[in-house]
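What follows is a single structure, written as structure tokens, with notes after it.
Being a predicted model, the structure only gives us computed values, none of them experimental. A, B, ... follow the sequence lines: proteins, then strands. Residue 1 opens every chain.
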Amino acid sequence: MLQQTRLQVALPYWQRWMAALPALEALAAAREHDVLLLWQGLGYYSRARRLQQGARQLQALAEHNEARTADPWPRTLEGWLALPGIGRSTAGSILSSAFDLPFAILDGNVKRVLARLVASPRPPARELKGFWQLSESLLDPRRPREFNQALMDLGATVCTPRNPSCGACPWQRHCAAYAAGDPTAFPVKEAPRELPYQVIGVGVVLNGAGEVLIDQRLNEGLLGGLWEFPGGKQEPGEAIEATIARELREELAIEAGVGEQLIVVDHAYSHKRLRFMVHLCTWLSGEPRPLAAQQVRWVRPEQLGDFPFPAANARIIAALHERLGLEASAADAAAALPHPEESRPAA
DNA sequence: TATCCGTGGGA
DNA sequence: TTCCCAAGGAT
């Protein structure tokens, strides 16, 4: 959870997670649907699926270990790196913090501290090998747990991105960036790229029974494995109503009447900006088929909270509930425990 | 190696 | 409002 995510943000998720999945066996046995529901809103959703895959791998390894003398947790770098979603830094964090073993880490805080310490002239991403060597060479092998924690805390509380407290820094005498006069010039940043911008037409399709149509995205790519309201990119010169009708036809093989606008949601991802133009639609004909998704379902609007949606879609759900006069909000539903109900394909 | 992968807190 | 960037990993 802490990969690219602040402790303060991850903490409430972690507390709910540990209450629902308190041990390796619980995570390994859980439904992926419920795992994603617990992760809903945290972002980088492949982390959740890979974490569960990793739990299942560790459990399988433990069952093949006939001796059963040791716990399932690896004590080697290779053992952790064999698990999906665990890279060198996370492996080093686990080994040093859980077992006090001498393995280095390299998170955002450490990169900044080291970049300033040596006044590294290039962005850390272009010097990863050197940064790893530096982190390893500094590590105190006698107490790696305390050293790594201290190094991260130094970056988080003293050697901060803006307005660092160099007067309180124990490494001030050794810091090349401080000697150069401007510590905030490091780490050197990559030239920011312009974010692509796209308009997405989204259809909230209702049938005669008052049910709404949702689909589960493919596991690969953006927001993999999460549910959404169907839609797609607006093409040049295309009216948004035409976009929505076309996407429903191409991706679900249905015909729908595109009605009034429900809401417009602007959302910035780390690498693109999107504007969702959301319209209420009326299903006309065709059994929905998951042509570009894992599965498709008709669900009652008050049931939407049982499905993991990305953040931008949570605003659409809230608008729909408000339009329909429902009191339950997506946020309320997201805070609830995983729903035991099985999720089945519509077709 | 460069790019993709989310979200939200804080300045 | 806009921008930065966070206990990184996979491809």
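In this structure, A:R323 contributes its side chain and A:L280 its backbone to no donor-acceptor pair below 3.5 Å. No donor-acceptor distance shorter than 3.5 angstrom exists from the side chain of A:T184 to the backbone of A:D182, with no hydrogens or angles considered. Judged by distance alone, the side chain of A:R122 and the main-chain N or O of A:E127 form no donor-acceptor pair under 3.5 Å.
Within the nucleic acid shown, A:A268 comes within 4.0 Å of at least one base atom, counting heavy atoms only. Counting any heavy atom pair closer than 4.0 Å across all strands shown, A:P192 reaches no nucleic acid atom.
A ring-centre distance under 6.0 Å is found for A:F229 and A:F309.
One C1' atom belongs to C:dC5, the other to B:dG6, and the distance between them is 13 Å to the nearest Å. Distance noted for atom P between C:dA7 and B:dC5: 23 Å (whole Å). For the C1' atoms, the distance from B:dG9 to C:dG9 is 23 Å, rounded to whole Å. The gap from the C1' atom of B:dG8 to that of C:dT1 amounts to 15 Å, rounded to the nearest Å.
Contact of the A:F99 side chain with the A:R145 side chain is not registered, since no non-hydrogen atoms from C-beta on lie closer than 4.5 Å.
Note: A:Y178 OH to A:Q172 CD = 3.5 Å, rounded to the nearest 0.5 Å.
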Given protein heavy atoms under 4.0 Å, the one-letter contact record of nucleotides 5-11 of chain C, with B base, S sugar-phosphate only and - none, is simply BBBBSS-
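For the residue pair A:T243 / A:E238, a side-chain donor-acceptor distance below 3.5 Å is found, with atom types taken as modelled. Side chain to side chain, A:S89 and A:D107 fail the donor-acceptor criterion of an N or O pair below 3.5 Å.
Residue A:A125 is the one, among A:A125 and A:Y269, whose nearest nucleotide of DNA chain B lies closer to the 5' end (criterion: closest heavy atom).
Contact footprint of chain A on DNA chain B: nucleotides with an atom under 4.0 Å from a non-hydrogen protein atom, first to last in 5' to 3' order, B:dA2 to B:dA11.
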